[in-house]
Structure formats: C-alpha cells, structure tokens
Amino acid sequence: QVQVVESGGGLVQPGGSLRLSCTASGRSFATNAMAWYRQAPGKKREWVATISIGDMTDYLFSVKDRFTISRDNVNKTVYLQMNSLKPEDTAVYYCYSISSETWGQGTQVTVSF
C-alpha cells in the first residue's frame with residue numbers, strides 16, 4: 001500500500017512556473033504507476049498526466065508541452081513541472097497512485113496577477 005503527500009503549490013503570475021512534488025511511503029513505489037489530477041472550483045476533477053512504471057508519460061492535451069511529469073524511485077517522489085502557467089490552470093492538484101488507488105490531500109495552485 002502506498003500513501004502520498006503533495007507539496008509545492010502556491011500563487012504564481014501568468015507565464016510563471018511551479019514544481020509540484022508527491023512523496024510516497026510504502027515499499028512498492030517503484031511498481032506503482034502515478035498520476036496527477038486537478039480540480040478547479042465548481043468543476044469535476046480531471047486527469048492531467050500519468051507516468052508509468054517504465055517512465056512512459058501521457059498528458060492532457062491542454063498542458064502538453066507546458067507540463068512535465070517525472071519520477072525519482074530512489075526518493076519515492078513524483079514531480080509535476082509546470083511552465084507557462086495560465087489562469088485556467090488554477091486548481092487543487094492531486095497526486096494519485098494508480099496501482100494502489102490512493103489519493104493525496106491536494107495542493108492549491110493559483111495563477112493570477
């Protein structure tokens with residue numbers, strides 16, 4: 001079983017960057033596919049990016065070429081590098097362990113002047 005905790009959210013101006021981190025506990029992190037989701041106010045939670053056990057990645061079309069998901073199995077951490085941020089990226093971002101079906105508590109990202 002894997003438990004996850006997100007960090008790195010905050011307030012950033014449009015065009016800026018943030019890096020989110022998701023640190024996992026448990027022995028099986030390296031065998032867990034991981035994902036990031038987000039939920040904007042008044043909207044449903046949506047999938048943002050996935051990284052497989054073999055480091056294959058996939059992205060929501062609207063963030064492709066701006067966001068990068070990566071993983072560090074030694075430190076049991078998944079990252080979401082977010083560049084060229086837009087106001088519509090404002091949301092609570094959640095880390096999700098696909099194999100363990102475990103959610104983190106979320107971290108707020110606000111893109112605004």
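Nothing here was measured: the structure is a model prediction, and the numbers come from that model.
- Distance check, rounded to the nearest 0.5 Å: OG of Ser99 to CD1 of Ile53 gives 5.0 Å.
- Taking both residues in full, the closest heavy atoms of Val78 and Trp36 are given as CG1-NE1, 3.5 Å, listed atom of the first, atom of the second, then distance.
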Exercise. Would Thr107 and Leu20 satisfy side-chain contact (heavy atoms from CB on, under 4.5 Å), going step by step from the backbone distance to the final call?
Worked result: CA-CA 8 Å; Thr107 185; Leu20 305 182; 4.0 Å; yes
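- Nearest heavy-atom pair across Gly106 and Val92 is CA-CG1, 3.8 Å.
- Counting only heavy atoms from C-beta outward, the side chains of Asp89 and Arg66 approach each other to under 4.5 Å.
- For the pair Arg71 and Tyr79, the cation does not sit on the ring face, since its NZ or CZ is not both under 6.0 Å from the ring centre and inside 45° of the axis.
- Between the CE atom in Met34 and the NZ atom in Lys76 there is a gap of 11.5 Å [rounded to 0.5 Å].
- Contact between Ala40 and Ala91 at its shortest, heavy atoms only, is N-CB, 3.8 Å.
- Residues forming a side chain to side chain donor-acceptor pair (under 3.5 Å) with Arg19 (at least two apart in sequence, or on another chain): none.
- Within the structure, disulfide bond (SG atoms under 2.5 Å apart) contacts touching residues 31-66 (residues at least two apart or in different chains) do not occur.
- Cys22 places none of its side-chain heavy atoms less than 4.5 Å from the side chain of Tyr94.
- Between Leu18 and Leu85, some side-chain heavy-atom pair lies under the 4.5 Å cut-off.
- Here NZ of Lys64 is found 8.5 Å from OG1 of Thr57. Values are rounded to the nearest 0.5 Å.
- Ser112 places a side-chain heavy atom less than 4.5 Å from the side chain of Leu11.
- Rounded to the nearest 0.5 angstrom, Thr68 OG1 and Asn83 CG are separated by 6.5 Å.
- Annotation: side chain of Thr90 is not in contact with side chain of Glu88 (no heavy-atom distance under 4.5 Å).
- Proximity of Ile98 to Thr50: side-chain heavy atoms (C-beta onward) are separated by under 4.5 Å at one or more points.
- Ring-centre distance between Tyr37 and Trp103: below the 6.0 Å cut-off.
- Taking OH of Tyr93 as the start and CD of Gln39 as the end, the distance is 12.0 Å to the nearest 0.5 Å.
- One N or O on the side chain of Asp72 and one on the backbone of Val74 form a donor-acceptor pair closer than 3.5 Å.
- For the pair Gly104 and Glu6, the tightest heavy-atom approach, listed with the atom from each and the gap, is CA-OE2, 3.2 Å.
- With a 4.5 Å cut-off on side-chain heavy atoms, Asp65 and Tyr59 do not count as touching.
- Counting heavy atoms from C-beta outward, Gln105 and Val5 have side chains that approach closer than 4.5 Å.
- Taking the side-chain contact (heavy atoms from CB on, under 4.5 Å) definition, one finds that Ser25 meets it with Gln3, sequence neighbours left out.
- The 12-atom threshold is not exceeded at CD of Glu101, counting heavy atoms of other residues, nucleotides or ligands nearer than 6.0 Å.
- Taking every heavy atom of both residues into account, Ser100 and Asn32 meet most closely at OG-OD1, 3.0 Å.
- Rounded to the nearest 0.5 Å, atoms OG (Ser62) and CD (Glu46) are 6.0 Å apart.
- For the residue pair Ser17 and Ser84, the shortest heavy atom distance occurs at OG-N, 4.3 Å.
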